[in-house]
Colleague: 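Have a look at this one before I ask anything.
All ligand and atom numbering here is 1-based and tracks the order in the structure. Heavy atoms only: backbone and side chains are in, while hydrogens, waters and symmetry mates are out.
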Amino acid sequence: MTRSRDVSRYSDQALQKLSDDLMAGKRRALSKALTLIESHAPSHRPAALKLISVLEKGQRAPALRLGISGAPGAGKSTLIEALGLFLLEQGHRVAVLAVDPSSRQSGGSLLGDKTRMEQLSCSDQAFVRPAPSGFSPDGVSLGGVAFRTRESILLCEAAGYDIVIVETVGVGQSEAAVADLTDLFLFVLSPGAGDDLQNMKKGVMEIPDCFVVNKADGALLPFARRAASDCRAALQLSGHRPSENAPSGRRSVLLCSALEKSGLDLLWQELQSLKQERLDLGAFEERRLQQRQRWFEEELRHQTMEKLFTKLDAAEPAVEKIRKAVLEGQLGPGQGAQELLELLWKE
Ligand code: GDP
């Protein structure tokens, strides 16, 4: 039996079987495939890349990719669970991928370390994948995360999940990255959202396609209404500018309560209507095409760097010689780097 850790040993045949099982909707195959693409070991990458290509060829109708972000405590996981269960009732299959941009910087995880979405996880029609820990071998935390998340989304789609939710914590730099992985991007605010809005950096306000003020229930309701009107005012200030991704410039602000499961139908209607609007304008496909182009360019940059560093490691004596010359002032740092690259290039 192939153990999931032995993924580097996948033969073409084994990869084909994994892809067939995954496309037949077998959860174990999906978990195994996700483990393969999340692996940090360089020896696993060729199999992972091959798997992605095989799956893309047999691609089903693409899922709706929905990014959800918001400050810690805004109620993202409660909302995703409630919305996910609502969507299951409508006959959808829902996958949730958590992306944790914080783990590398803080050493702790904002998303991954609590038990989350228990009800959703239990359903046959749902798949919840927590953020993998230590997920960025290259140190470019968000960039590394984005690579693997793109691939994870494709795996979930191939396994028949027609709605893929990508969850992340809104920490300023993660919004743009997640918006770049998804078709629609939803930002969750809490009733005390004044602070959240203030903390949203200039420009970030324009990234979400839709805002939802959660916890619009009980004593929090008036505060939630207030937060929604503050948010509308902030959007007005930021000018509702149309962009390539949001050609009509429409950005709605809704209220919901994940706890009481209210407002979810309106939220879903709004998301569907946004999707339809984009489809009608051709902007939906355009956004995906641009994302694919960026994906290719990032892969190219990433793989070039990787190859180059492997060569650098192998050329240690030459590197040492040039480093010494730079430190002793015989060569300028720029010239030293240039000479080394020329040397590597010739090999
Ligand atoms: P996350 O950090 O954004 O994922 O937030 P959680 O989903 O973990 O929720 C944080 C807290 O807010 C928890 O105590 C939830 O029970 C609470 N919460 C989430 N949604 C609602 C809601 O709709 N109404 C109320 N009153 N509390 C909520």
Colleague: Using a strict 4.0 Å threshold on nitrogen-to-oxygen distance, state whether Arg45 and Glu151 make a salt bridge.
Modeller: yes
Colleague: Between Trp295 and His302, does the ring-ring contact (aromatic ring centres under 6.0 Å, His included) criterion hold? Intermediate values first, please.
Modeller: CA-CA 10 Å; Trp295 183 359; His302 181 74; over 10 Å; no
Colleague: Should the heavy atoms of other residues, nucleotides or ligands under 6.0 Å from CZ of Phe223 be counted, would the total exceed 12?
Modeller: no
Colleague: Indicate yes or no: does an N/O atom of Gly75 lie under 3.5 Å from an N/O atom of ligand 1?
Modeller: yes
Colleague: Say whether Ser190 and ligand 1 are in contact under the criterion: heavy-atom distance to a ligand atom below 4.0 Å.
Modeller: no
Colleague: Under a heavy-atom criterion of less than 4.0 Å, does Gly73 contact ligand 1?
Modeller: yes
Colleague: So Leu184 and Leu64, do their side chains get closer than 4.5 Å, heavy atoms only?
Modeller: yes
Colleague: Under 4.0 Å from a heavy atom of Lys76: give me the atoms of ligand 1 that qualify, with their elements.
Modeller: 1 (P), 2 (O), 3 (O), 4 (O), 5 (O), 7 (O)
Colleague: Select one of side chain, backbone, both or neither to describe which atoms of Leu259 lie under 4.0 Å from any atom of ligand 1, heavy atoms only.
Modeller: both
Colleague: Please state which option from Thr78, Asp217, Leu255 has its nearest heavy atom closest to atom 22 (C) of ligand 1.
Modeller: Asp217
Colleague: Using a heavy-atom cut-off of under 4.0 Å, does the side chain or the backbone of Ala216 touch ligand 1, or both, or neither?
Modeller: neither
Colleague: Looking only at N/O atoms, are Glu167 and ligand 1 under 3.5 Å apart anywhere?
Modeller: no
Colleague: Looking at CZ of Arg28 and CG of Leu18, how far apart are the two atoms once the value is rounded to the nearest 0.5 Å?
Modeller: 10.0 Å
Colleague: Between Lys275 and Phe284, is NZ or CZ placed under 6.0 angstrom from the six-membered ring centre and within 45° of the ring axis?
Modeller: yes
Colleague: For the 3.5 Å polar cut-off, considering only N or O atoms, please tell me whether Ser77 and ligand 1 meet it.
Modeller: yes
Colleague: In ligand 1, which numbered atoms sit nearer than 4.0 Å to a non-hydrogen atom of Ala71?
Modeller: 3 (O)
Colleague: For ligand 1, which atoms sit closer than 4.0 Å to a heavy atom of Pro72?
Modeller: 2 (O)
Colleague: Quick one: does Ser31's side chain get under 4.5 Å of Phe127's, heavy atoms only?
Modeller: yes
Colleague: Less than 4.0 angstrom from a charged side-chain N to a carboxylate O is my criterion; do Arg65 and Asp162 meet it?
Modeller: no
Colleague: Polar-atom distance check: Cys256 versus ligand 1, any N or O pair below 3.5 Å?
Modeller: no
